[in-house]
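Scope of the values below: all heavy atoms of this structure, side chains included, with no hydrogens, waters or symmetry mates.
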Amino acid sequence: MTDEPPKPKRGRGRPKKEGSGNMRPLNVEVPEDLQLHRRGTLCKLDTGMSLKDQVAAAYDEWLTRKGYAKSTPED
């Protein structure tokens, strides 16, 4: 018999991230010449911001600038 503490059990799948809120997939193809995957990976390495958070922020900003703001409870 050993005095070693028990090993923690490994969970299945990816752990849920704190504060990520409700997420819904957005699967789209993008032109390769924009190099979005490469640039997004570099941004993630520099800032720690995940690719999905980068896409969400950029798409939200673009839609808002085009006049498609998020709906409010009164809408």
Please answer: with hydrophobic residues joined when any side-chain heavy atoms are less than 4.5 Å apart, are L26 and V30 in the same cluster? yes
Please tabulate, one pair per line, all N/O donor-acceptor pairs under 3.5 Å involving side-chain atoms of residues 38-45, not counting sequence neighbours.
from: R38; atom 1: NE; to: Q35; atom 2: OE1; distance (Å): 3.0
from: R38; atom 1: NH2; to: Q35; atom 2: OE1; distance (Å): 2.8
from: R39; atom 1: NH1; to: L34; atom 2: O; distance (Å): 2.6
from: T41; atom 1: OG1; to: H37; atom 2: O; distance (Å): 2.8

Which residues pass the salt bridge (Lys or Arg N to Asp or Glu O under 4.0 Å) test with E32, sequence neighbours left out? none
For M49 and D53, the nearest pair of non-hydrogen atoms, with its separation, is CE-O, 3.5 Å
Indicate yes or no: at least one non-hydrogen side-chain atom of K70 is less than 4.5 angstrom from one of D60. yes
In terms of hydrophobic clusters joined by side-chain contacts under 4.5 Å, are V28 and W62 together? yes
